[in-house]
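Some notes on the structure that comes next.
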Amino acid sequence: MSTNHSNHPYHLVDYSPWPITGAIGVLTLVTGLTKWFHMFNMNILMLGYLITLLTMYQWWRDICREGTFQGKHTILVSKGLRWGMILFIISEVFFFISFFWSFFHNSLSPDINIGSNWPPQNIIPFNPFQIPLLNTVILLSSGITITWAHHALMENNYNQTKQSLLLTIILGIYFTILQAYEYYEAPFSIADSIYGSTFFVATGFHGLHVMIGTTFLLICYFRHLNFHFSMNHHFGFEAAAWYWHFVDVVWLFLYISIYWWGN
């Protein structure tokens, strides 16, 4: 059945090879990761990364074509995409709630095995008013710039959207560099009791989300340069902005609880 001409507003997706190549890529990635753990050989791991990245690029390219040039993202389809993004962010909220649950469970009633203290004995925590505070300012500033970009896009201001979106990407990269430096200079490791585990897992997964969000915004930047967005049709950018605001809010909770209160 042809999906080019229809009398309904829904998007019946065309046949695509990318789900199966994506599954093969992820399977190869996990297999390579296991081989790296046991044999310190990264050949299969690199192959898995290559297959997955190529699949991602081509699959997203097809979705951009469907929404931008083929007109398949109708109002009803866009509404479904919005709800999908909302539910995805809600799932991410509960993902981070598990980390905060672990942190407060262990910090409010520290076990005798860690000296009944929080932070545990012999753990030197980070000063919350140094790099962590700077990173807080950076992410809050990026929240302002992404909002600026969104309003500029809705007003059909091409140059301001380009400038503010680029500034947001730079701030995201700067945050990642500072967090990498913080990890490099850390006086404790992930193996140092429950404090090290909760700190590095929670902040590390947030850092991963920042890198994913920065990639998301970078793709939106190149799409904007190629005039994929209009003042009325730009859900791809809007989803990236929602995701970035979510990353900002999670960092505020991380800073207040783990860096400042937990110190």
Which heavy-atom pair separates P120 from S193 by the least distance, and what is that distance? CG-OG, 3.5 Å
Determine, using the 4.5 Å side-chain heavy-atom cutoff (strictly less than), whether I146 and F88 are members of one ILVMFWY cluster. yes
W60-M85 co-clustered via ILVMFWY side chain contacts under 4.5 Å: no
Test your reading of the model: is there a side-chain donor-acceptor pair from S197 to the backbone of I194, 3.5 Å cut-off? no
Under 4.5 Å side-chain heavy-atom separation, chaining through any Ile, Leu, Val, Met, Phe, Trp or Tyr, what else clusters with I51? Say none if it is isolated. L47
Hey, what do you get for CG (N159) to NZ (K162), rounding to the nearest 0.5 Å? 5.0 Å
Just how far is it from atom CG of N156 to atom CG of N232, taken to the nearest 0.5 Å? 8.5 Å
With a 4.5 Å heavy-atom cut-off, do E238 and H150 have their side chains touching? yes
Taking CD1 in I75 as the centre, count heavy atoms belonging to other residues, nucleotides or ligands within less than 6.0 Å. Is the count above 12? no
When rounded to the nearest 0.5 Å, the distance separating CD1 of I170 from OG of S141 is 13.0 Å
When you check the side-chain N and O atoms of T21 and T55, is any donor under 3.5 Å from an acceptor? yes
Going by atom types only, do W59 and S16 share a side-chain donor-acceptor pair under 3.5 Å? no
What about F103 and W118, are their ring centers closer than 6.0 Å? yes
Qualifying ring-ring contact (aromatic ring centres under 6.0 Å, His included) pairs with a residue from residues 159-184, counting only residues at least two apart or across chains: F175-H206, F175-W251, Y183-F200
Let me confirm one number: the CG-CG distance from N117 to D111, rounded to the nearest 0.5 Å. 11.5 Å
Taking the ring centre of each residue, are F199 and F188 less than 6.0 Å apart? yes
Using only atom types and a distance under 3.5 Å, with no angle test, would you say the side chain of T161 pairs donor to acceptor with the backbone of L153? yes
Which residues share a side-chain contact (heavy atoms from CB on, under 4.5 Å) with L53, sequence neighbours left out: M56
For Y57, all residues meeting ring-ring contact (aromatic ring centres under 6.0 Å, His included), sequence neighbours excluded: none
Under a single-linkage definition using a 4.5 Å side-chain heavy-atom cutoff for Ile, Leu, Val, Met, Phe, Trp and Tyr, are W83 and Y243 assigned to the same hydrophobic cluster? yes
Minimum-distance pair of heavy atoms, taken over all atoms of T168 and S164: OG1-O, 2.8 Å
Looking only at heavy atoms, the pair that brings G262 and Y195 closest together is O-CE1, 4.3 Å
Under 6.0 Å between the ring centres of F95 and F205? yes
Please round to the nearest 0.5 Å and tell me the distance separating atom CG of L133 and atom CD1 of I138. 10.0 Å
Does anything in residues 245-254 pair up under salt bridge (Lys or Arg N to Asp or Glu O under 4.0 Å), and if so which pairs, sequence neighbours excluded? none
Could you walk me through whether W244 and S142 pass the side-chain hydrogen bond (donor to acceptor under 3.5 Å, both in side chains) check? CA-CA 9 Å; W244 196 255; S142 71; 2.8 Å; yes
Donor-acceptor pair, E92 side chain versus H209 backbone, under 3.5 Å? no
For F96 and W101, I'd like to know if the aromatic rings sit close, meaning centre-to-centre distance below 6.0 Å. no
So which heavy atom on V210 is nearest to which on V247, and how close? CG2-CG1, 3.5 Å
Can you confirm whether the side chains of H151 and Q160 place a donor and an acceptor under 3.5 Å from each other? no
Across all chains, not counting sequence neighbours, the side-chain contact (heavy atoms from CB on, under 4.5 Å) partners of P128 are Y255, Y259, W260, N263
With sequence neighbours left out, write down each residue that passes side-chain contact (heavy atoms from CB on, under 4.5 Å) with V77, or none if nothing qualifies. H11, H73, T74, L81
Of all the heavy-atom pairs spanning P132 and E182, show the shortest one and how long it is. CG-OE2, 3.4 Å
By the definition side-chain contact (heavy atoms from CB on, under 4.5 Å), identify the one residue from I212, L171, L165, L166 that meets it with L217. L165
Could you pull out all residues at least two apart from W18 that satisfy side-chain hydrogen bond (donor to acceptor under 3.5 Å, both in side chains)? D62
Are W261 and I97 connected in a single hydrophobic cluster, I mean Ile/Leu/Val/Met/Phe/Trp/Tyr linked by side-chain heavy atoms less than 4.5 Å apart? yes
Could you name each residue pair satisfying side chain to side chain donor-acceptor pair (under 3.5 Å) that touches residues 211-224, not counting sequence neighbours? T68-R223, R223-H228
Verify the neighbour count for atom CD1 of I124: are there more than 12 heavy atoms of other residues, nucleotides or ligands below 6.0 Å? no
Suppose clustering is done on Ile, Leu, Val, Met, Phe, Trp and Tyr with side-chain heavy atoms closer than 4.5 Å. Which residues sit in the same group as M46? L29, L33, W36, F37, M42, L45, Y49
Give a yes or no on whether F126 atom CZ has more than 12 heavy-atom contacts from other residues, nucleotides or ligands under 6.0 Å away. yes
Taking side-chain contact (heavy atoms from CB on, under 4.5 Å) as the definition, give me every residue that meets it alongside F227, ordered by chain and number, with sequence neighbours left out. Y158
Taking every heavy atom of C220 against every heavy atom of F229, the minimum-distance pair comes out as O-CE1, 3.4 Å
A side-chain contact here means heavy atoms from C-beta on lying under 4.5 Å apart; do T198 and S102 qualify? yes
Apart from L252 itself, its cluster of hydrophobic side chains linked below 4.5 Å comprises L140
From M231 CE over to N157 CG, what is the distance, rounded to the nearest 0.5 angstrom? 10.5 Å
Inspect the surroundings of CG in N122 and state if more than 12 heavy atoms from other residues, nucleotides or ligands are less than 6.0 Å away. no
Do I86 and F235 belong to the same hydrophobic cluster, where Ile, Leu, Val, Met, Phe, Trp and Tyr are linked whenever their side-chain heavy atoms lie under 4.5 Å apart, directly or via other members? yes
Any side-chain heavy atom of K72 sitting closer than 4.5 Å to one from R65? no
